[in-house]
Amino acid sequence: MQKPSLPSGTRDFGPVVLKRRKAIMQVLERVFVSHGFDPLETPALENLKTLQGKYGDEGDQLLFRILNSGDYLSKAPEADRHDSKALSPWIADRGLRYDLTVPLARFVVMNRGQLPMPFKRYQMQPVWRADRPQKGRYREFWQCDIDVVGADSVLCEAELVEMYLKAFQQLGLGVEIRINHRGLLDSLMPSLGSASAWSEFMVAMDKADKIGQEGVSQELRNRHLEHAVRVWEGLCAAQQEGDFESKLKAFEALAFFKNEDANAQSILQAEEALKKAADELRLLRSLLPAQASVVLDLTLARGLSYYTGAVFEVSPKDERLPLDFRLGSIGGGGRYDNLTGAFGLPDVPGVGVSFGLDRIYDTMEAAGLFDQMPSTWKGILFCPMDEASFPDAVRLAREVRHCGYAAEVYPSAAKLKKQLDYANQRGWCLAAILGENERLSQTVALKDLNEGSQSTVSYDDLVTHLKTHLPNG
RNA sequence: GCGGUUAUAGCUCAGUUGGUUAGAGCAUCAGCUUGUGGCGCUGAGGGUCGCCGGUUCGAGCCCGGUUAAUCGCCCCA
């Protein structure tokens, strides 16, 4: 006999958990729909050609590949059969989707001309990554994405940030939204000297919240980027400024700290990138509620290589969370001006953000937000005491459901203790006990499971009785 | 891909320098009580101590290997 088990990094969602997850998704969906977004679903499987090369080398390693059917090995040349890397393209043509943005880009390209532009869609589906599972990291997890394709206005960024704010407010979870702009980071290029130094700088900088300012400096020194340490320290000084505008001003002053070796052309490009980015950020900030908890984070880089404009990240910031609670971000996104370019359709701008459902759930659980949210059925469990009561119980349950309340008949004439235990476990708030005595007088003994009180209600009065005890059907 | 920790009942875990028949709480079932629960009492069932090998008179405990889970690194939601 084999012990049942689950693939690493995957989970079952039992009734209690799933009801809470669906409650979260309902909140998100209501926000999405209220901003005019339309739903989209795409297949779990995509052609590997669609997925590969979109997430960088690291991302390609994390793609789940699907073995071809049939005698796939015969197609592979003998020379490639002993090297798994060389063999892979011969035996796997499809993979599981890695995120929802690339499938969206594919969909937009395949359906161009038929979609209203700008195309605003939301999508809530699982994605898969062959990552090492850890706390808050799963191999199968759900993303809830909203994207606007075909519009380059900062209005879109502002709308998405506002939806972040609204959604987390409705979920009751305190968050901080950090914003940065790829243009600001690009403008550091002349100061850093080379493209490779720039990207190493990005990788090191992204770890700042984990290893601290000094840790990043150390890492830059380890990578022999002495020059970059000065840029980093300048960046941190700007980051120390309090509000959005002061940070931005400090950064603008910093970016003109240039490497003398840089040529005039690259300096000019950097200045243009900086000006455009700063203008966009100022406009974006002005479109958001003044008191909104949105901060400029000059050290925010975000990994995905396709971002070209504003980038966002959401972190939990809630005093109910344990002090040592760390899960990373629970959402993120940004502007990508050239994603569909990879599918042969250039110049379609897009911007989108993602809600990490699993981490949102884990965070809300850690903050105790589910404790005061017991999922009680608004309805009634019928408890038949003998088999002769089954017909009346079934008929009454039908009437109750017809009026919009939930009802269930316990499927046997088990002991009352057992039936009431079941009712409590399932969260029913009322139990209707129905036995020989009740049947003869055409009544039920209606027990309030929260208060413990009990009253006799006739068959005919049951529905009206429910209406007074269970408002809001 | 690389490290650390852990593995005992359905669940959460005890188990002394290696020593008779491996325990507790919760859960389940039965009875106390033809039909009154969520904090009552009594009892019962349930374990190849992850797996393979080694040391020993004797291994849940020590050693080696292996598998899995978990926490870190890389990277990311």
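Because only heavy atoms are used, hydrogens play no part in the values below, and waters and symmetry mates are left out as well, while side chains stay in. The sequence lines fix the lettering, A, B, ..., with proteins before strands; numbering per chain opens at 1.
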Applying a 4.0 Å non-hydrogen cut-off, can you work out what [X] is touching in the nucleic acid: base, sugar-phosphate, or nothing?
X	result
A:Tyr138	base
A:Val203	sugar-phosphate
A:Ile433	base
A:Asp386	nothing
A:Gly435	base
A:Glu438	base
A:Gly59	nothing
A:Gln61	nothing
A:Asp358	nothing
A:Leu449	base

Open item on the list: Within the 3.5 Å criterion, strictly below it, is a donor on A:Asn68 or A:Asp93 matched to an acceptor on the partner's side chain?
Closed with: yes
- [ ] Compute whether any side-chain donor of one residue and acceptor of the other, for A:Ser458 and A:Asp461, lie under 3.5 angstrom apart.
- [x] yes
Task: Near-parallel close stack of A:Phe355 and B:A77 base (under 5.5 Å, under 30°) - done: no
Open item on the list: Below 30° counts as parallel, above 60° as perpendicular, anything between as tilted: where do the rings of A:Tyr422 and A:Tyr410 land?
Closed with: perpendicular
- [ ] Assign the ring pair A:Phe201 / A:Trp232 to parallel, tilted or perpendicular, where the plane angle (0 to 90°) is split at 30° and 60°.
- [x] perpendicular
Open item on the list: Taking the ring of A:Tyr164 and the ring of A:Phe355, is the distance between their centroids below 6.0 Å?
Closed with: yes
When you compare [N] with [M], how far apart are their [atom1] atoms, in angstrom units rounded to a whole number?
N	M	atom1	answer
B:C71	B:G46	P	35 Å
B:G25	B:G45	P	15 Å
B:G19	B:A59	P	11 Å
B:G35	B:G43	C1'	24 Å
B:A9	B:G53	C1'	27 Å
B:C61	B:G15	P	14 Å
B:G40	B:C62	C1'	47 Å
B:A24	B:A44	P	10 Å

- [ ] Using only side-chain N and O atoms of A:Lys415, determine if any of them is under 4.0 Å from OP1 or OP2 of B:A30.
- [x] no
Open item on the list: Is A:Ser8 close enough to B:A69 that one of its side-chain N or O atoms is under 4.0 Å from OP1 or OP2 there?
Closed with: yes
Can you check the [X] [atom1] to [N] [atom2] distance for me, whole Å?
X	N	atom1	atom2	result
A:Arg137	B:A69	CZ	P	15 Å
A:Glu436	B:U34	CD	P	16 Å
A:Lys207	B:C75	NZ	C1'	9 Å
A:Glu387	B:U34	CD	C1'	15 Å
A:Arg21	B:A77	CZ	C1'	12 Å
A:Leu100	B:A77	CG	C1'	11 Å
A:Lys418	B:U34	NZ	P	18 Å
A:Arg326	B:C71	CZ	C1'	15 Å

Under 3.5 Å between N/O atoms: give me all the protein pairs with nucleotides 1-4 of chain B, atom names plus distance.
unit_1 : atom_1 : unit_2   : atom_2 : d
B:C2   : N4     : A:Arg132 : NE     : 3.3
B:C2   : N4     : A:Arg132 : NH2    : 3.2

Tell me whether [X] is salt-bridged to [Y], with the criterion being a basic N under 4.0 Å from an acidic carboxylate O.
X	Y	answer
A:Arg426	A:Glu408	yes
A:Asp386	A:Arg439	yes
A:Glu46	A:Arg97	no
A:Lys166	A:Glu162	no
A:Asp147	A:Arg121	yes
A:Arg221	A:Glu214	yes

Task: Runs of at least three consecutive pairs that involve RNA chain B, where pairs are Watson-Crick or G-U with distances under 3.5 Å - done: B:1-7 with B:67-73, B:10-13 with B:23-26, B:28-32 with B:40-44, B:50-54 with B:62-66
- [ ] For A:Lys135 and for A:Phe141, find the nucleotide of RNA chain B with the closest heavy atom, then tell me which residue's nucleotide is more 5'.
- [x] A:Lys135
Task: Comparing A:Ser354 and A:Pro133 on RNA chain B - which has the more 5′ nearest nucleotide - done: A:Pro133
Open item on the list: Measuring from the side chain of A:Asn424 (C-beta onward, heavy atoms only), which nucleotide among B:A77, B:G38, B:U36 has the closest atom?
Closed with: B:G38
Task: Proximal nucleotide (of B:U36, B:G37, B:A77) relative to the A:Leu416 side chain - done: B:U36
TODO: Look at the side chain of A:Lys417 against the base of B:U36 and say whether a donor-acceptor pair falls under 3.5 Å; ignore hydrogens and angles.
DONE: no
Task: Reference residue A:Ile179; test side chain to side chain contact (heavy atoms under 4.5 Å, CB included); the match among A:Val311, A:Leu284, A:Leu298 - done: A:Leu284
